[in-house]
Amino acid sequence: MWTGDKMITNPNAYDLIVAILNAIGVYNIILGFFQDLGMEYILRVIIVLVIIAVLLVFVLLTVMFLSWLERKMFAVVQSRYGPMVTGPRGLFQPIADGIKLLGKEDIIPAKADRWIFTLAPFVVFVSVLLVFIPLPFGRSLIVSDLKVGLLYIIAISAVTPISILLAGWASNNKYSLMGAIRAVAQDISYTIPLAITAIAVVVFVGSLSTVDIVNAQSGYWFGFIPKWFIFLQPLGFILFLIACIAEMGRIPFDFQESEQELVAGFFTEYSGMKFAMFFLAEYAHLFAVSGIIVTIFLGGWTGPALPFIPFELTSLIYFMIKTYAVIFFAMWLRDTVPRVRIDQLLNLGWKIMIPLALLNLLLAAFVVTAGVI
Amino acid sequence: MTDLFSYLIISAVIFTIGAYGIITQRSGIKILMSIELMLNSANLNLVAFSSFNGNASGQVFALFSIAIAAAEAAIGFAILVALFRARDTINLDNINILRW
Amino acid sequence: MFSDFAALIVLLPVIAFVLTLFLGKKLPHGGAYFPIAAIACSFIISLGIFLEIYPNGIVQQSWPWFANMNIGILIDPLAVVMLMMVTFVSLLIHIYAVGYMAHDPAKPRYFAETSLFTAAMLGVVLSDNILQFFISWELVGLCSFLLIGFWYHKPSAAAAAKKAFLVTRVGDVLFLAGIVLLYVNLSNLISNHLFTPEPGNFILQFKTMFEAAALIDPTQLTYITLLFFGGAVGKSGQFPLHGWLPDAMEGPTTVSALIHAATMVTAGVYLVARTFPMFALTPATLGEHFPALFPAHVPDSLLIVAYVGGFTALFAATMGLVMNDIKRVLAYSTVSQLGYMMLALGTAGAVLGAKAVGISMFHLISHAFFKALLFLCAGSVIHAVGTNDIREMGGLFSKMKITGTTMMIAALALAGIGIPFLNIGTAGFFSKDMIIEGTFEYGEQTGDMIPYAFAIIAALLTSIYIFRLWFMAFTGTPRSERHSHESPNVMTRPLMILAILALFFGFTQGYFYPYLEKNFELMHVEVAGHEGAAPEIPVIVILLPVIVGVLGFLISYAIYYKRMLDMSKIISSGNPIYKLLLNRYYEPKIGADMIGVKLTHGVVAQSGEFVDRKIIDGLVIDGIIGKTAFWLGETARKLQTGVVQNYASVTLLGVGLLLLILKLRGV
Amino acid sequence: MDIVFLVLSIFTIISSIMVVGSKQLVHSAVYLAGALMGTAGLFLLLKAEFVAWAQVLVYVGAVVTLILFTIMLTRKGEEENGE
């Protein structure tokens with residue numbers, strides 16, 4: 001089953017770095033140096049650490065940019081200017097916010113469960129960051145091409161509700177608990193259609209690896225329609241998009257923190273660095289989920305190759321353009337749509353989304369078994 | 001590479017802890033958690049054997065067992081919540097309505 | 001090509017049943033289109049099969065079922081004419097029901113049940129083995145129960161449904177016993193190597209049965225056939241199990257039409273016709289042992305069939321004379337006509353062999369047409385007048401011309417009016433004459449003229465009661481205030497089609513008799529008639545049925561139209577005969593009060609209760625057994641502490657012990 | 001490899017002990033999540049990736065969430081018996 005190693009592995013970031021070093025002509029020198037020391041694995045560890053550092057910096061920068069973008073967009077929609085003071089058009093506002101939050105006092109409520117109260121934000125943050133591991137930012141630009149990448153992503157996303165629940169419970173505050181329970185009810189309801197629609201795509205591809213999924217979407221039908229799964233599975237795409245937005249807890253499904261009802265939901269009691277972690281996690285989640293949507297339905301990094309530019313770079317650009325389009329859609333949604341009611345949310349999830357997702361899966365299975373595609 | 005035996009030892013230890021938990025705990029939730037532990041140790045056994053014998057069917061069994069554990073947990077906890085609503089307690093010592 | 005779809009004949013109405021049951025509420029007309037379309041398709045397939053196999057083919061399909069049984073389809077001439085008749089009449093009744101049931105809220109249920117009913121009847125007709133036959137037969141019984149009790153909120157309907165179910169059950173049990181006895185005999189024959197079925201044949205298939213029939217011990221064969229006939233008596237409402245049939249009028253009139261014309265009641269006749277070779281093989285012991293009472297050389301079973309049928313024909317006709325409920329008159333008429341069919345099988349079977357099947361089936365089919373027509377006309381009248389009582393009708397002809405005319409045609413057909421020698425006449429003229437001539441021939445050859453007398457008297461009575469009905473309903477002055485009107489087209493069109501058939505179906509007799517006569521030859525089964533030169537039939541015998549028919553018409557005309565005789569004097573004076581007839585020979589009283597209440601409840605049930613309560617309970621509950629069980633329970637229940645931990649501990653301990661034992665034994 | 005196995009197994013066993021030993025029900029649940037994650041890690045070591053992530057998805061994602069849910073819905077009971 002999944003015990004043996006895959007025969008041909010898709011190239012990942014590690015291979016890319018090795019290739020670059022080879023191209024410059026220094027790889028063998030460095031390798032020789034560590035081989036002399038007899039500690040070849042240290043080179044591997046270093047390269048991996050470099051990859052992680054690059055990923056972390058990239059994600060954090062994107063997240064900061066996203067928080068600025070969100071505020072700016074919200075302002076534009078409401079005919080305001082938004083942040084304008086720090087940096088050009090307020091571009092450095094997130095950095096200023098970050099510094100402010102770091103300087104704040106880290107308050108832990110007296111009756112809170114200290115241990116869990118501290119643990120929860122870290123779990124949220126880490127679990128969101130872990131999602132990026134099998135996410136292909138471009139050709140070869142992937143930390144690790146897991147054989148079960150899609151399952152991994154769904155599994156890791158499933159850990160987030162626990163930390164939210166813990167955060168809400170540990171605060172010892174009824175609004176927090178209420179927000180947490182809502183968040184979890186919502187997450188559980190929407191993970192199911194999410195997973196089922198993802199499976200429908202897997203039925204077409206025949207592999208859980210994200211790179212395989214993207215590769216399956218390269219090429220064109222009739223010479224001009226890209227082979228993206230959005231065209232093959234429009235219903236699946238819509239369901240996946242809705243489920244993702246609900247999963248992220250963004251308007252119109254932001255029950256975990258609905259300010260008018262629950263102050264700030266599960267992170268009402270958080271301040272300082274811990275609050276910053278929730279905040280960062282939220283935008284990182286937005287980025288990750290948009291990336292997943294792009295990977296699964298919008299062809300990932302596929303696109304026409306440009307001359308003279310290495311495809312690794314163009315593919316990254318294609319990926320980012322598509323991802324920002326999805327992010328833009330989510331933000332636009334937040335700016336324009338009101339929140340639904342919690343019972344409507346759950347009805348939608350259980351009574352409409354899941355049956356439709358199953359129908360979609362059935363159609364996909366039928367199409368594949370019938371050999372239409 | 002670690003050998004099969006060490007995995008079996010781990011599994012046995014976890015199983016024993018779970019069994020101990022079932023016998024000693026009073027809270028229904030704790031007991032169910034202990035049951036999860038025991039099921040988990042069984043999964044570990046299955047996967048370890050499957051991996052060391054080069055036969056994938058153990059993994060399939062483990063997947064089945066995981067699914068069953070999830071279903072069992074859903075039902076068990078639903079029963080606990082219902083019991084809590086009816087009797088205001090989840091201490092199993094007080095919930096012996098099915099006794100003669 | 002059509003024969004490949006033979007299974008669809010049954011399956012389509014079943015599918016329609018499911019669809020109507022589940023989707024009917026959402027559709028116009030209660031989803032009546034499903035059964036109509038399905039039965040229309042069944043009819044087309046049946047017709048196609050008929051055209052395909054005529055004149056010498058049969059369709060046989062068989063699949064193994066369990067043990068040495070099979071599921072199969074057998075379409076021989078006998079089955080194919082039945083198939084066409086059942087599907088066609090059922091189709092017309094369904095179409096008619098769209099109008100008749102238009103205002104009933106439970107239409108989907110009605111159409112679903114009638115569809116299943118038709119499917120069950122078709123299953124009876126198509127079966128190629130007696131077990132499958134019995135299963136469909138039971139399904140017919142169930143559907144009749146559901147349909148008779150269709151208006152279950154009416155206590156009388158519920159009671160009638162129960163009565164129908166219970167009374168036919170008596171017959172069904174006999175039938176089942178017959179099947180069991182047959183099976184035992186057949187398997188004994190096979191295990192003693194006296195008989196081996198051909199390869200590919202199964203033990204309860206009709207073919208095997210007929211082949212083996214000659215080898216079965218004659219006495220046993222008599223029992224088997226009589227038990228089968230018992231089933232037929234129950235289903236076809238023959239004396240003494242006829243009581244349920246008039247009560248079955250509590251259902252909607254269309255249901256009555258379906259039960260009485262096309263489906264259920266004919267199943268009994270069909271059963272006897274189907275297994276006719278076995279009846280014909282039974283020994284003639286009665287004639288040997290009681291030469292004074294019975295004719296010689298007539299197979300026992302056929303003799304009994306003839307007598308029961310003949311007696312029923314007469315007996316039911318007498319009650320038909322006095323009934324005031326329009327549908328009850330028709331119901332007794334059905335019983336009487338079914339008696340004729342049985343009579344034909346018995347008498348003609350004894351002297352003419354396989355030809356009797358043709359005679360009987362011809363009457364069955366022409367009866368199906370004109371009886372369906374009569375019922376549908378009655379339904380139309382009831383629809384218009386709102387009552388079942390013919391005393392409250394009258395003068396309807398001016399308002400309901402189509403219904404009146406078609407009903408007159410049906411009445412003529414029932415009375416068997418026609419012109420002898422020229423061979424012009426209604427369907428009933430040909431079919432009934434044939435039966436009466438058959439009884440005469442039987443009488444000539446055996447010297448037993450009683451069945452002939454039964455037949456002729458019953459024919460006279462038939463003519464009287466049916467024209468009485470017509471005159472009372474359609475002529476004279478209206479006796480109720482109701483504003484009646486002709487029924488809608490969807491109801492009258494089926495009437496006209498049936499009327500045409502009732503008029504002209506008789507002319508097919510030239511093709512019909514030879515075709516059906518070959519039925520058993522095609523299955524390679526010999527049915528020997530009583531060989532003897534066909535006697536010259538005197539002119540009077542040929543004329544007599546028509547004469548009594550016309551005579552009956554004249555009597556009715558005189559009494560009920562011209563009012564030459566005041567009937568009220570006769571019937572109100574406490575005339576004992578009238579009372580006897582009106583109370584249906586006290587049959588309901590005997591059935592319900594004597595057998596039901598006094599015998600079953602009073603004697604059997606009471607004594608059973610005594611044994612159960614006083615003897616068995618006394619021994620078991622208060623005796624040592626009860627005490628021990630009680631004590632054991634008291635002690636053992638302490639083991640259930642209700643503490644989960646105890647259970648878990650004991651379970652673990654048990655597993656540990658088990659492991660230890662296994663280890664010690666070195667496994 | 002041995003070191004990873006050792007760390008994972010010790011982590012798993014300690015978490016398991018804490019599941020039973022912890023006084024607070026919520027802590028128990030968190031330790032249970034830890035123990036299950038540790039087992040998932042062991043599965044990864046055994047090269048059973050699919051089972052490992054299925055374990056994370058179902059056990060940690062669903063079962064532990066259910067447990068936490070139940071704990072929160074039966075809070076009064078927990079306080080009574082929390083000692």
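Chain identifiers are assigned alphabetically (A, B, ...) following the order of the sequence lines, protein sequences preceding nucleic acid strands; residue numbering begins at 1 within each chain. Both backbone and side-chain heavy atoms feed into the values below; hydrogens, waters and symmetry mates do not.
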Self-check item: Interchain contact, B:V47 with chain D, by part (heavy-atom threshold 4.5 Å)
Solution: both
Practice problem: Please determine, among B:N40, B:I29, B:I66, the option with the most heavy-atom pairs under 4.5 Å with chain D. | Solution: B:N40
Practice problem: Below 4.5 Å from any heavy atom of chain B, which atoms of D:T12 appear? Answer side chain, backbone, both or neither. | Solution: side chain
Self-check item: Point-to-point distance, once rounded to the nearest 0.5 Å, from OG of B:S65 to CD of D:Q55
Solution: 8.5 Å
Exercise. Kindly write out the residues that satisfy side-chain contact (heavy atoms from CB on, under 4.5 Å) with B:Y20, not counting sequence neighbours, or none if the list is empty.
Key: B:T24, D:V20
Quiz item: Does D:Y31 have any ring pair (Phe, Tyr, Trp, His ring centres under 6.0 Å) partners at least two apart in sequence or in another chain, and if so, which?
Solution: A:W115
Quiz item: Taking atom CD1 of D:I71 and atom CE of B:M33, what is their separation to the nearest 0.5 Å?
Solution: 4.5 Å
Quiz item: So do B:I17 and D:V19 actually touch side chain to side chain, heavy atoms under 4.5 Å?
Solution: no
Exercise. Pick whichever of D:A62, D:A29, D:G21, D:A52 has the most heavy-atom pairs under 4.5 Å with chain B.
Key: D:A29
Quiz item: With a 4.5 Å limit on heavy-atom distance, are the side chains of B:E36 and D:V64 in contact?
Solution: no
Quiz prompt | Side chain / backbone / both / neither for B:A74 at chain D, heavy atoms under 4.5 Å | solution = both
Quiz item: In Å, rounded to the nearest 0.5 Å, how long is the span from OG1 of D:T70 to CD1 of B:I79?
Solution: 11.5 Å
Practice problem: Applying side chain to side chain contact (heavy atoms under 4.5 Å, CB included), run through B:L63 and D:V51 and close with a yes or a no. | Solution: CA-CA 6 Å; B:L63 283 173; D:V51 183; 4.3 Å; yes
Quiz item: For B:Q25, is it the side chain, the backbone, both, or neither that has a heavy atom closer than 4.5 Å to a heavy atom of chain D?
Solution: side chain
Self-check item: Results of side-chain contact (heavy atoms from CB on, under 4.5 Å) for B:L4 - residues two or more places apart only
Solution: B:L8, B:A48, B:F49, B:F52
Quiz item: Nearest 0.5 Å, what's the OG-CG distance between B:S51 and D:L45?
Solution: 9.5 Å
Exercise. Working to the nearest 0.5 Å, report the span between CZ of D:F5 and CD1 of B:I10.
Key: 4.5 Å
Quiz item: Contact part of B:S6 toward chain D, heavy-atom cut-off under 4.5 Å: side chain, backbone, both or neither?
Solution: both
Exercise. Check each atom of B:L39 against the heavy atoms of chain D and say whether the ones under 4.5 Å are side chain, backbone, both or neither.
Key: both
Practice problem: Could you tell me which portion of D:L32 (side chain, backbone, both or neither) has an atom closer than 4.5 angstrom to a non-hydrogen atom of chain B? | Solution: side chain
Quiz item: Which value, rounded to the nearest 0.5 Å, describes the distance between D:E49 atom CD and B:Q59 atom CD?
Solution: 10.0 Å
Quiz item: Which residues in residues 33-43 of chain D have any heavy atom lying under 4.5 Å from a heavy atom of chain B?
Solution: D:A35, D:L36, D:T39, D:L42, D:F43
